[in-house]
*Asks:* 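Sharing a structure here in structure tokens format.
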Amino acid sequence: MAGVQKFKKILLIDQNGGYVTVSPTMPVNTKDTAYKVQISPVNEDKAGSVEGSFERSMEALMSSVAQELSKALKVDQLRVEVMTRLTGIERRIDTESLRGVEVEKCRKEIREIRDQFFESQKKYFDYNRTSPIADEAKLNLKRDVPNYPKYQLSQETIDYLKQPTFNIWHWEPNEMLSLLEHMYYELGLVQEWNINPITLKRWLLCVQENYRNNPFHNFRHCFCVSQMMYGVINLCKLTESIPLCDLGILLTSAVCHDLDHPGYNNAYQINARTELAIRYNNISPLENHHCSVAFQILSKPEFNIFANVSNDTFKAIQNGMIQLILATDMARHNEILEAFKSRVDNFDFHNDEHLTSLKMILIKCCDISNEVRPMEISEPWLDCLLEEYFNQSDREKLEGLPVAPFMDRDKVTKPSAQIGFLKFVLIPMFSALSKTFPQIEPIMVKPLIDAREHYERMQEDMENGRKKAENAAAT
């Protein structure tokens with residue numbers, strides 16, 4: 001009703017003075033029976049109380065609504081902040097990843113530049129270094145059997161080939177191939193494994209081409225180790241005590257034991273984080289690589305000298321070769337020697353574990369047997385080894401890598417390089433082998449003792465010369 005203030009009481013009164021209830025059934029309001037409208041004030045305290053209660057309720061409601069809205073807005077704001085931070089982190093990760101890739105690319109380029117610089121300083125060129133073994137061309141022969149001349153070996157050469165004193169410096173590469181071929185025929189391996197003669201020639205050619213032109217770890221070293229293995233087989237009459245297949249595994253492992261050696265040892269591979277170290281998880285990277293290359297070659301039909309053996313025989317050959325080549329890692333020297341020494345007093349050729357231990361010692365002995373040979377044969381090998389060591393230490397210094405004292409050209413001498421090696425590695429290992437094969441004592445152990453005494457005298461002479469020079473300078 002217009003003009004009526006809030007919280008006023010409105011009453012309808014009929015002509016008789018009675019109150020009219022407002023409802024759908026109330027009497028009709030006519031001119032004759034018109035209602036009277038009476039407006040009266042409500043109790044002010046009560047009205048104020050109602051109005052205050054209403055206002056307080058509304059305030060509470062609005063406050064609650066405001067709080068809920070605030071919470072919602074805060075959650076939404078937090079969500080925005082979190083998403084913003086996540087987006088920023090993702091961008092940083094992408095940026096850092098790209099930077100990491102770029103850094104690795106730069107490092108690789110720096111290594112390549114260093115390689116080129118270092119190779120230019122060498123006295124020799126490694127024709128194989130520029131192409132990895134994965135390159136298919138590496139496993140294809142540059143020449144085939146028709147250009148591989150056949151040599152007629154004299155009886156004197158055949159007999160001499162069986163001696164540990166054999167002079168490996170007198171033979172050209174093709175002659176060494178013919179001598180290796182002769183070993184397979186003479187031991188009966190060509191017949192035992194039914195090897196195709198042309199396949200044997202091609203396999204030997206491919207092996208030769210996959211030895212790098214290093215000062216020490218080259219094809220002549222391969223021949224040297226293989227010839228010593230052949231000499232030990234004959235000297236110790238191993239054909240009477242070891243199965244022919246195992247002798248073949250020994251000889252073939254010797255032929256393949258350093259295939260594609262890069263001229264830098266395992267310590268360098270690991271410290272420089274090379275592809276080989278990464279591929280083989282820092283576990284004997286070179287020896288694992290030699291095994292891999294050996295069976296890459298054998299996987300090609302034209303080089304597979306085991307093509308005609310049964311699957312079981314091939315598995316035995318493969319497992320045996322892997323076991324022996326991995327044993328040439330000098331990091332395992334003490335482990336392998338101690339295992340052999342624990343069995344040597346009661347050695348049983350029919351015990352597989354004993355036989356495996358013996359084969360591992362045999363290939364280790366042959367691998368580091370240069371000092372068994374006469375001094376005029378062994379000392380040039382020491383020069384080659386030191387040259388390869390010095391090449392590595394020079395590169396390690398250039399790249400800021402750790403340098404082993406025995407490889408540092410500023411610290412090592414011939415006597416210092418050999419005395420400890422003879423005293424603590426060679427003599428103990430060959431002496432342990434002589435307990436099973438006493439016949440090697442005068443032919444192999446004694447030359448090692450003589451070599452140690454030779455280098456001790458050399459060291460003494462060098463020390464005396466140094467003192468004389470110092471005294472002369474002082475006066």
*Asks:* Do E287 and N266 have a side chain donor and acceptor closer than 3.5 Å?
*Replies:* yes
*Asks:* So does Y230 get a backbone contact from the side chain of N234, meaning a donor-acceptor N/O pair under 3.5 Å?
*Replies:* yes
*Asks:* Between side-chain atoms of residues 419-431 and protein atoms elsewhere (two or more places apart, or another chain), which donor-acceptor pairs fall under 3.5 Å?
*Replies:*
unit_1	atom_1	unit_2	atom_2	d
S431	OG	I427	O	2.7

*Asks:* Could you tell me whether K364 and D329 have a side-chain N and a carboxylate O separated by less than 4.0 Å?
*Replies:* no
*Asks:* Any Lys/Arg nitrogen of E470 or K467 sitting under 4.0 Å from an Asp/Glu carboxylate oxygen of the other?
*Replies:* no
*Asks:* Indicate yes or no: at least one non-hydrogen side-chain atom of M229 is less than 4.5 angstrom from one of M183.
*Replies:* no
*Asks:* Working to the nearest 0.5 angstrom, can you tell me the gap between E388 CD and H261 NE2?
*Replies:* 6.0 Å
*Asks:* Given side chain to side chain contact (heavy atoms under 4.5 Å, CB included), test S378 with L382 step by step and report yes or no.
*Replies:* CA-CA 7 Å; S378 64; L382 178 56; over 6 Å; no
*Asks:* Does a side-chain heavy-atom distance below 4.5 Å link D246 with L250?
*Replies:* no
*Asks:* Which distance, rounded to the nearest 0.5 Å, do you find between the CD of E181 and the CG of L153?
*Replies:* 9.0 Å
*Asks:* When you look at D410 and K397, which way does the side chain to side chain contact (heavy atoms under 4.5 Å, CB included) test go after all the steps?
*Replies:* CA-CA 12 Å; D410 298 323; K397 291 174 184 176; 3.0 Å; yes
*Asks:* Can the ring centroids of H217 and H290 be said to lie less than 6.0 angstrom from one another?
*Replies:* no
*Asks:* Is the shortest distance from a Lys or Arg side-chain nitrogen in R332 or E335 to a carboxylate oxygen in the other one below 4.0 Å?
*Replies:* yes
*Asks:* Looking at S154 and T157, would you say the former's side chain and the latter's main chain have a donor-acceptor pair under 3.5 Å?
*Replies:* yes
*Asks:* Kindly say whether the aromatic ring centers of F216 and H221 come within a distance under 6.0 Å.
*Replies:* yes
*Asks:* Can you tell me how far the CD atom of Q323 sits from the CD1 atom of I249, to the nearest 0.5 Å?
*Replies:* 9.0 Å
*Asks:* What's the shortest heavy-atom distance between L247 and L238, and which atoms?
*Replies:* CD2-CB, 3.8 Å
*Asks:* Hey, what do you get for CE (M458) to CD (E453), rounding to the nearest 0.5 Å?
*Replies:* 13.5 Å
*Asks:* Does a side-chain N-to-carboxylate-O contact under 4.0 Å join R466 and E463?
*Replies:* yes
*Asks:* Would you give me the side-chain donor-acceptor pairs under 3.5 Å for residues 344-352, sequence neighbours excluded?
*Replies:*
unit_1	atom_1	unit_2	atom_2	d
D348	OD1	H350	N	2.9
N351	OD1	E353	N	2.9
N351	OD1	H354	N	3.2

*Asks:* Is the number of heavy atoms from other residues, nucleotides or ligands within 6.0 Å of CD (E156) greater than 12?
*Replies:* no
*Asks:* Indicate the ring-plane relationship of W193 and F306, choosing parallel, tilted or perpendicular according to the 30° and 60° boundaries.
*Replies:* perpendicular
*Asks:* Classify the ring geometry of Y264 against Y268: parallel below 30°, tilted from 30° to 60°, perpendicular beyond 60°.
*Replies:* tilted
*Asks:* If only atom types and distance count, is the side chain of N308 paired as donor or acceptor with the main-chain N or O of N194 below 3.5 Å?
*Replies:* yes
*Asks:* Could you please spell out the steps behind the side-chain hydrogen bond (donor to acceptor under 3.5 Å, both in side chains) verdict for Q155 and D159?
*Replies:* CA-CA 6 Å; Q155 190 59 46; D159 294 338; 3.0 Å; yes
*Asks:* Please find the pair of heavy atoms, one from A327 and one from I336, that lie closest to each other, and give the distance.
*Replies:* O-CD1, 3.5 Å
*Asks:* So for atom CD, which belongs to Q439, do other residues, nucleotides or ligands contribute more than 12 heavy atoms lying within a distance under 6.0 Å?
*Replies:* yes
*Asks:* Donor-acceptor pair, distance only, cut-off 3.5 Å: does the side chain of N218 make one with the backbone of P215?
*Replies:* yes
*Asks:* Identify the heavy atoms of I363 and A254 that sit nearest to each other, and give their distance.
*Replies:* CD1-N, 4.0 Å
*Asks:* Give the intermediate values and the outcome of side chain to side chain contact (heavy atoms under 4.5 Å, CB included) for residues E441 and M444.
*Replies:* CA-CA 6 Å; E441 179 77 31; M444 295 181 143; over 6 Å; no
*Asks:* Considering only heavy atoms from C-beta outward, does the side chain of S178 approach that of L204 to under 4.5 Å?
*Replies:* no
*Asks:* Look up atom OG in S284 and atom CD1 in I325, then write down how far apart they are to the nearest 0.5 Å.
*Replies:* 12.0 Å
*Asks:* What class does the angle between the rings of F166 and W171 fall in, given that below 30° is parallel, 30 to 60° is tilted and above 60° is perpendicular?
*Replies:* parallel
*Asks:* Are the side chain of S434 and the backbone N or O of F437 linked by a donor-acceptor pair below 3.5 Å?
*Replies:* no
*Asks:* Check the pair E338 / K341 against salt bridge (Lys or Arg N to Asp or Glu O under 4.0 Å), numbers first and verdict last.
*Replies:* CA-CA 5 Å; E338 291 305 314; K341 287 166 71 175; 3.6 Å; yes
*Asks:* Under 4.5 Å between any side-chain heavy atoms of L180 and W203, yes or no?
*Replies:* no
*Asks:* Do the side chain of T199 and the main chain of N304 share a donor and acceptor less than 3.5 angstrom apart?
*Replies:* no
*Asks:* Checking N288 side chain against I283 main chain: does a donor-acceptor pair fall under 3.5 Å?
*Replies:* yes
*Asks:* With sequence neighbours left out, write down each residue that passes salt bridge (charged side-chain N to carboxylate O under 4.0 Å, His left out) with R452, or none if nothing qualifies.
*Replies:* E456
*Asks:* Side chains of N271 and E396: is there a donor and an acceptor less than 3.5 Å apart?
*Replies:* no
*Asks:* What's the shortest heavy-atom distance between I440 and C236, and which atoms?
*Replies:* CG2-SG, 3.6 Å
*Asks:* Can a donor-acceptor pair be found between the side chains of N167 and H170 at a distance below 3.5 Å?
*Replies:* yes
*Asks:* Check L386 against A417 and note the closest heavy-atom contact, atom names and distance.
*Replies:* CD2-CB, 4.1 Å
*Asks:* For residues Y280 and Q269, is any side-chain donor paired with an opposing acceptor at under 3.5 Å?
*Replies:* no
*Asks:* Tell me whether R373 contacts the main-chain N or O of P164 through its side chain, where contact means a donor paired with an acceptor under 3.5 Å.
*Replies:* yes
*Asks:* Contact between F219 and E209 at the side-chain level, heavy atoms closer than 4.5 Å - yes or no?
*Replies:* no
*Asks:* Do I242 and I233 have side chains that get closer than 4.5 Å, going by heavy atoms?
*Replies:* no
*Asks:* Could you check whether any side-chain N or O of R273 sits under 3.5 Å from a backbone N or O of I278, counting only pairs where one atom can act as donor and the other as acceptor?
*Replies:* no
*Asks:* Working to the nearest 0.5 Å, report the span between OG of S342 and CG of L337.
*Replies:* 10.0 Å
*Asks:* Can you check salt bridge (Lys or Arg N to Asp or Glu O under 4.0 Å) on D450 and K446, steps first, answer last?
*Replies:* CA-CA 6 Å; D450 293 341; K446 187 178 183 304; 3.1 Å; yes
*Asks:* Any side-chain heavy atom of D258 sitting closer than 4.5 Å to one from D367?
*Replies:* yes
*Asks:* Classify the angle between the aromatic ring planes of F406 and Y389 as parallel (below 30°), tilted (30 to 60°) or perpendicular (above 60°).
*Replies:* perpendicular
*Asks:* Is a donor on one side and an acceptor on the other found under 3.5 Å between the side chain of E175 and the backbone of E172?
*Replies:* yes
*Asks:* Begin from the C-alpha positions of Q227 and L179 and carry the test side chain to side chain contact (heavy atoms under 4.5 Å, CB included) through to its verdict.
*Replies:* CA-CA 9 Å; Q227 187 277 324; L179 293 171; over 6 Å; no
*Asks:* Please give me the minimum heavy-atom distance between C365 and L433, naming the atom from each residue.
*Replies:* SG-CD2, 4.0 Å
*Asks:* Find out whether T313 and I317 are in side-chain contact, i.e. whether some heavy atom of one side chain is under 4.5 Å from a heavy atom of the other.
*Replies:* yes
